[in-house]
Amino acid sequence: MAKVTLKGSERASLPGAHVVAPADAAERLEVSVIVRRRAARDMQSRVAALASGDRSRAFMSREQFAQAHGADAADFAAVRAFAAAHGLSVLQEDAARRTMILAGTVAQFSTAFAVQLHQMKYAKGTYRGRTGDIRLPAELDGIVEAVLGLDNRPQAKPHFRVRPARGKVKRRVGSPAAVSYTPTQVASLYGFPSGAGGGECVALIELGGGFVPADLDTYFSGLGVASPTVVAVSVDQANNSPTGSAGGPDGEVMLDVEVVGAIAPQAKIAVYFAPNTDAGFLDAITTAIHDTTNRPSVISISWGGPESTWTSQAKTAMDNAFQAAATMGITVCVASGDNGSSDGVTGGGDNVDFPASSSFALACGGTSLRAQKTSIANETVWNDGAAGGASGGGISTFFSAPTWQSGLSAHDAEGKTIPLTMRGVPDVSGDADPETGYDVRVDGTDTVIEGTSAVAPLWAALIARINGINGKPAGLLNPQLYANPSALRDVTQGNNGDFDAVAGWDACTGLGSPNGSALTGILKPTHGAINRTA
């Protein structure tokens, strides 16, 4: 049977990884297969209109989108026949998500997709890995867009930092003493509009850890805020599983829930737990986007990794998912990373973090925020140096510059101006410095956490408030923000390594931090609301 290469599927080993042994032929695994969408041209037309700033066309409901742009039954049938021919089981079919989940053994998948799977060892552990391309039978060429999950390496990391215990804090030379704020104090400093997000749902994507309801009750009671409704959604068999370690993924989960819950307590919070793999990450995002039960209008993502660590098929599939979200009026907020202009890639030059680098994400960078009583005294780029962390930002090597970034430039530390032909990151920013961190509670302990992980839920909570006030979803914000830069607080001091902050957009803090009242004004929709229940 003739086979063709699946475009964008080439995979390399993790740095320093080596083969320990062939993967166990009898090991069972699950793989996500993404097929093409129906009416792709109409979808592209809708997305292009949104990207141009045209908000006159009503957002689609989830049901309308599934009917118009979900998977074609014939495409699913073709994949089903392929699976049967190789002894693979079909565990799940979701037409809206264009996803089929297949199950089988390493031996069966190796034959089906012409790959070799190995047990790989690297500095942080082991994983089941592959290198090279995936190959498909010719009859699936053009039908299948991505095959994810054969390789189960950890795909992403959370972008948060726990402030060291007192006496262990290494302050920057000349910096003032460390301070901390509650989420409600930060919201007040940024002038968030009054409101509590009533009628909205905020989705949180989590690739590990969990939350403890008793901790949440204690935390919100201490703030004098009613505890929000928080539900856990299982994706690919992952669950709410607290580890008991504040420095682990629990810190990310609790930070996200507590920031959103404190600022938008009347919004429902749906936490989508998935395995930390490329398949799990994408499945969590598409599950949230197409969730007809919880119906989130905002998605907050505080996990990611350097663009270079993702396959092209995975980046394209996730970007396509964000485009789908845009057509349904769903805003996707993504942390830009905590490792400055390098994104933590040793010897790799400048890098940006994905999925923040998707043009259809609102990429959220970091600042250091200093207050004097109830107003902002100073705000600069967050940069604690190589060891302490800095706002992620730079220029994508994969995504072209979107329409709304036309004519902009990045400014590097050598004084050079770099016109944007590729996507610039971030779009916006907010407080992310551990020395000006957030008071949170994790696994029974009160602590201070920061990082761009705090900025994504901060913006998500702001948008939930604005959506609640307007009674309509804001959707893709980027064109409106870039057309109205005065609606943000421009940050012009500091750098994130190789890029400097300047007046206007920069590759450290984007357009700047929130000016809540001004943002509320520019995000009033110009068309009718979508039907949230039909």
If you measure only the distance, is there a donor-acceptor pair under 3.5 Å linking the side chains of [X] and [Y]?
| X | Y | result |
| --- | --- | --- |
| Glu307 | Ser396 | yes |
| Ser56 | Asp54 | yes |
| Asp250 | Thr243 | yes |
| Ser358 | Asp319 | yes |
| Thr5 | Arg135 | yes |

- [ ] Side-chain contact test, heavy atoms from C-beta onward, threshold under 4.5 Å: evaluate it for Leu207 versus Phe281 and give yes or no.
- [x]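 Sidechains of Phe281 and Leu207: in contact.
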
Open item on the list: One thing to verify: whether Asp283 and Arg97 come together as a salt bridge, which I'm taking to mean a side-chain N less than 4.0 angstrom from a carboxylate O.
Closed with: yes

Task: Pair Asp42 + Arg57: basic N to acidic O under 4.0 Å - done: yes

TODO: For the pair Tyr127 and Tyr122, name the ring-plane relationship: parallel under 30°, tilted 30 to 60°, perpendicular over 60°.
DONE: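 Rings of Tyr127 and Tyr122: perpendicular, over 60°.
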
TODO: Report the relative orientation of the aromatic rings in Tyr482 and Trp404; use parallel for angles under 30°, tilted for 30 to 60°, perpendicular for over 60°.
DONE: tilted

Open item on the list: Just checking His86 against Phe113, ring centres under 6.0 Å apart?
Closed with: no

Open item on the list: Checking Thr452 against Asp338 for the side chain to side chain donor-acceptor pair (under 3.5 Å) test, could you report, in this order, the C-alpha distance in whole Å, the side-chain angles of both residues, the deciding distance, and whether it holds?
Closed with: CA-CA 6 Å; Thr452 55; Asp338 293 353; 2.7 Å; yes

- [ ] Mind checking the CZ-CZ spacing from Phe360 to Arg423? Nearest 0.5 Å is all I need.
- [x]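 If I round to the nearest 0.5 Å, the distance is 9.5 Å.
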
Task: Stepwise side-chain contact (heavy atoms from CB on, under 4.5 Å) test for Lys7 and Gln313 - done: CA-CA 7 Å; Lys7 182 180 178 181; Gln313 62 166 353; over 6 Å; no

